[in-house]
Amino acid sequence: GNSVTQMEGPVTLSEEAFLTINCTYTATGYPSLFWYVQYPGEGLQLLLKATKADDKGSNKGFEATYRKETTSFHLEKGSVQVSDSAVYFCALSERDGFQKLVFGTGTRLLVSP
Amino acid sequence: GAGVSQSPSNKVTEKGKDVELRCDPISGHTALYWYRQRLGQGLEFLIYFQGNSAPDKSGLPSDRFSAERTGESVSTLTIQRTQQEDSAVYLCASSPGLGDGNTIYFGEGSWLTVV
């Protein structure tokens, strides 16, 4: 079946450091890919998405590119802030008549001043 | 409401008891989803509703789990005869429709602990 694998955390960085959170997927067909973020005390929020190969999703300084050849959707940000501390989930959408999201296990990011 | 609302936010129950988890989706959202996240695992899809109808219940872990939705609004996830392996965060989400162009909005979850 379809699956998503992302790097284990926590990822600990200093403010203004470069961030990469790796995500790879296994899927039949051509799923849409997503990054969701969960800030402390809040629900999951969509951070960015890409619906086809070579698409780049971006939001709040975060970027991820849909790489079909490497089945990857790595999340990057050039300069993290303390407010970026959260849990980040990579996900794909199986088009099964509805958006059935398949999630990775989440990666906790801790950014210190 | 402004967002997806879930209650209770935390529930501790004894093994063998029944629990009900409630979800209030965003007003006007026709699609509603339930997911579960057990400790150290990714989110696991349970069931979805289009309107009041749940076309596919195969994601429910066992026949102890059931869900319903009324008035194309509130949904209840019921777990009968709870077991310790049911301990998890139960997340509800909603979207305006089912298609890929619809953003899915999640609630904060109901933390269930079975002791």
Side-chain angles (χ1 to χ4, degrees), chain A residues 1-10 21-27 29-53 55 57 59 66 73 86-108, chain B residues 1-7 9-10 21 23-26 29-51 53-60 69 88-111:
Chain A
N2 295 346
S3 65
V4 174
T5 302
Q6 60 184 110
M7 60 192 294
E8 290 193 24
I21 300 178
N22 289 338
C23 171
T24 57
Y25 67 90
T26 301
Y30 303 96
S32 293
L33 301 175
F34 306 83
W35 277 100
Y36 278 82
V37 58
Q38 186 169 31
Y39 298 104
E42 299 184 18
L44 278 171
Q45 302 173 25
L46 178 64
L47 179 60
L48 53 85
K49 71 177 184 180
T51 58
K52 62 182 187 298
D55 268 3
N59 186 24
Y66 191 140
F73 194 55
V87 182
Y88 293 81
F89 292 88
C90 186
L92 64 82
S93 173
E94 300 180 343
R95 296 195 177 100
D96 193 12
F98 67 101
Q99 288 190 75
K100 182 177 179 181
L101 294 172
V102 176
F103 286 88
T105 53
T107 302
R108 181 174 299 277
Chain B
V4 178
S5 178
Q6 293 188 244
S7 61
S9 54
N10 282 286
L21 307 176
C23 173
D24 280 276
I26 293 172
H29 281 195
T30 61
L32 184 146
Y33 316 80
W34 283 98
Y35 285 81
R36 171 173 81 170
Q37 184 177 24
R38 289 188 280 189
L39 191 64
Q41 300 184 24
L43 279 77
E44 173 188 4
F45 171 79
L46 299 179
I47 192 170
Y48 83 100
F49 289 87
Q50 173 60 13
S53 173
D56 182 1
K57 301 181 180 179
S58 61
L60 294 175
R69 187 180 186 195
V89 180
Y90 289 83
L91 289 165
C92 178
S94 70
S95 61
L98 291 178
D100 278 356
N102 291 282
T103 297
I104 296 176
Y105 298 86
F106 283 82
E108 293 182 32
S110 292
W111 291 73

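Each chain gets a letter, A, B and so on, in the order its sequence line appears, and its residues count up from 1. Here the structure is a predicted model, which means the values were calculated and not measured.
What you find for B/Leu43 and A/Phe89 is that their closest heavy atoms are CD1-CE2, 3.7 Å. In terms of heavy-atom proximity, B/Glu108 sits nearest to A/Glu42 at CG-C, 3.8 Å.
Residues B/Tyr35 and A/Leu101 meet the side-chain proximity criterion, which asks for heavy atoms closer than 4.5 Å.
The contact between A/Leu46 and chain B is made entirely by side chain atoms (from C-beta outward), counting heavy-atom distances below 4.5 Å. In this structure, the portion of B/Gln37 lying under 4.5 Å from any heavy atom of chain A is its side chain and not its backbone. For chain B, no part of A/Phe34 is nearby; none of its heavy atoms comes within less than 4.5 Å.
Within a 6.0 Å radius of CZ in A/Arg108, other residues, nucleotides and ligands contribute 12 heavy atoms or fewer. Shown here is B/Gln41, whose CD atom has more than 12 heavy atoms of other residues, nucleotides or ligands within 6.0 Å.
The choice from A/Gly104, A/Gly106, A/Ala91, A/Gly43 that makes the most heavy-atom pairs within less than 4.5 Å of chain B is A/Gly43. Looking only at heavy-atom pairs under 4.5 Å with chain A, the residue among B/Leu91, B/Thr103, B/Ile104 that has the most is B/Ile104.
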